[in-house]
Amino acid sequence: MPAEVEAVQLAADDDLAGFRAAVRDLVARRVPPEAVHWQCAQQAGGLFDAATPASPQAPQTVPQALPAPPLRLPAAVVDLLQHAALHRDAGRFALLYRLVWRLLAEPGLRGDPLDADRLQAEGMARAVRRDMHKTKAFVRFRPLPDGSHAAWFEPAHHTLRATAPFFVRRFAQMRWAILTPERSVAWDGQALRCGPGANRADAPGPDAGERLWLTYYAHIFNPARPKPAMMRKEMPRRYWPNLPESALIAPLLHAAAERSGRMLEAGGADPQRRRPAASIALQLDRRPAPAAAGTLEALRLATEACRACPIGRHATQAVHGEGRPGAALMLVGEQPGDQEDLQGRPFVGPAGQVLQRALDALGWPRDALYLTNAVRHFKHELRGKRRLHKTPGQLEATACSQWLEQEIALVRPRAAIALGATAARALLGRPVAVTAVRGQWLRRADGLPVLVTLHPAALLRLDAPDPGALFAGWLDDLGRAAGVAWTDGGDGP
Ligand code: URA
């Protein structure tokens, strides 16, 4: 190293605080980029060394004694630096310091999107953001005998500590650790601690919960919509070794063509079969009103014609509730999904399949219940040919509340289960924090007891730490309805 070159040693390869402090110091002392040599200290210490705590709010807490004179950079540049500095490329700190130096010396650089340094830094920042996103999506926790959870993961960049606050927020009540070859983080319910890297063998193996998750994954796989290129883009092969469901992808894709062929032979709903409101209104006009009035069938036809909010125009059809008038228990979901919209029946798509598994586990025959939704039409947005679910807003929920209320009046259930926040709000007339009150009975103004719990789609989240425990907890919530709904030995299951 030439004598005039100054070495800057960072405490770790994700030492953002140290990098920031060093940049400020170097700029203040007018040290040009070519006179700086950047290095990172090697990691040391035992697993989850108590001497290296990191708070969830400030994951890059590497103490630095360097002075920090003011250095003002636009927020977008700071964001770029913070992400690109976590890239695996050994030359990143030199590149980023050069970029800062040039941004200060060449004001025109801010308006030059084609500058080579800037392009390279932006490419690095993009790769790091993608890696953080993949970490959030693909970390799979497995239970340990002491009740805590651990996951093995191999990030592409130095992103673990920057991503850890996400897991702290999401799994604040659990004790967990994420082990990677480079470093590890552990949350004990109060503090996040950092330690050195681990081996894959240090992480626990498959468990019963995972087998349940695999069963779900196989169950919800939609053979009519396999998109291998998209799947590989979203779930790149390098993450497969850590994902239990990856073992199912090849056989499921293989079987998809055959399964979807069978579905076509069986004949499905025609997605183009949109029914204009006017023709339905005509149909209504022709119906003998007295015979239809006050029945679920009349309600169904009236719902079809509803254009009280815009989503009805873009759906295939309204999806009415299903079940017997007089059913003791009414289950209320959010809105029909893609499959429900095509088939005109509630809970027949992936979320419906999860619900069906719960009903099977509880021994509740579906036809003894009344299944319906807070919103009657499928709210979605088009992404190419795909229709992506959009959560209904208050506008749609309010416009639809008349149908749910009429349905309750006609079915006269003894209790209702609100599956998720939209259903809870529609039933109770106020916003409800589902995770805070799940498993509890609340009461509507008209006296109807409402049990609040998760929506089945929440059980399909790819980042659930322990899908088996999640499902068991959900069954527990749902099971509380059995006694209340059928206390008088009525006609429930
Ligand atoms: N999700 C719902 O909330 N309802 C359905 O009918 C299907 C999916």
Side-chain angles (χ1 to χ4, degrees), residues 216-217 219-222 224-225 268-269 271 296 299-300 303-304 306 309 311-312 314-324 327 329-360 364 366-367 369-381 386-401 403-404 407-408 411 413 416-428 431-432 434-435 438 450-462 464 470-471 474 477-478 481:
Y216 284 148
Y217 189 85
H219 205 73
I220 63 170
F221 185 86
N222 185 344
R225 303 196 159 185
L296 285 169
L299 191 62
R300 188 181 68 74
T303 311
E304 281 279 353
C306 179
C309 78
I311 56 173
H314 307 289
T316 308
Q317 57 195 310
V319 177
H320 195 53
E322 193 173 86
R324 287 180 308 110
L329 189 58
M330 175 181 272
L331 271 60
V332 183
E334 181 194 76
Q335 65 166 357
D338 180 71
Q339 283 302 310
E340 288 80 11
D341 169 82
L342 295 176
Q343 298 185 36
R345 295 182 58 205
F347 289 109
V348 290
Q353 290 170 9
V354 174
L355 180 63
Q356 188 58 51
R357 295 186 77 79
L359 299 184
D360 291 346
W364 296 358
R366 178 177 166 126
D367 57 11
L369 307 166
Y370 193 90
L371 303 184
T372 191
N373 282 301
V375 171
R376 303 294 143 129
H377 286 110
F378 175 36
K379 183 174 178 186
H380 60 274
E381 65 184 356
R386 296 170 66 217
R387 304 190 303 165
L388 299 184
H389 166 275
K390 280 189 85 176
T391 304
Q394 249 332 91
L395 173 79
E396 291 92 16
T398 307
C400 256
S401 65
W403 307 121
L404 180 61
E407 223 169 12
I408 292 172
V411 176
I417 298 183
L419 299 167
T422 304
R425 183 171 189 163
L427 281 166
L428 294 160
V432 174
V434 173
T435 44
R438 60 175 286 194
V450 176
L451 177 72
V452 178
T453 187
L454 306 178
H455 189 277
L459 281 87
L460 294 171
R461 297 176 72 122
L462 288 176
L470 187 64
F471 186 71
W474 192 52
D477 286 356
L478 293 171

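Order of listing sets the numbers, starting from 1, for every ligand and every atom in it. All values reported here derive from a predicted model rather than from experimental measurement.
Of all non-hydrogen atoms in Gln317 and Glu304, the two that sit nearest each other are CB-OE2, 4.1 Å.
For ligand 1, the atoms lying closer than 4.0 Å to a non-hydrogen atom of Gly333 are 3 (O). Applying the 4.0 Å criterion to heavy atoms of Glu334 picks out, from ligand 1, the atoms 2 (C), 3 (O).
For Arg425, there are no salt bridge (charged side-chain N to carboxylate O under 4.0 Å, His left out) partners, not counting sequence neighbours.
Of all protein heavy atoms, the one lying nearest to atom 2 (C) of ligand 1 is Gln335 O, 3.0 Å. Scanning all protein heavy atoms for the shortest distance to atom 6 (O) of ligand 1 gives Phe347 N, 2.8 Å. For atom 4 (N) of ligand 1, the closest heavy atom belonging to the protein is Asn373 OD1, 2.7 Å.
Contact annotation: for His455 versus ligand 1, heavy atoms closer than 4.0 Å belong to the side chain alone.
A donor atom on one side chain and an acceptor atom on the other are not found under 3.5 Å apart for Gln335 and His380.
We find that Arg345 and Glu340 are not joined by a salt bridge, their nearest charged nitrogen and carboxylate oxygen being 4.0 Å or further apart. Ion pair Arg387/Glu381 not flagged as a salt bridge, since none of the NZ, NE, NH1 or NH2 atoms sits closer than 4.0 Å to an Asp/Glu carboxylate oxygen.
In terms of polar-atom proximity, defined here as any N/O pair under 3.5 Å, Pro346 makes no such contact with ligand 1.
Annotation: the span from Thr453 atom OG1 to Leu419 atom CG amounts to 7.0 Å, rounded to 0.5 Å.
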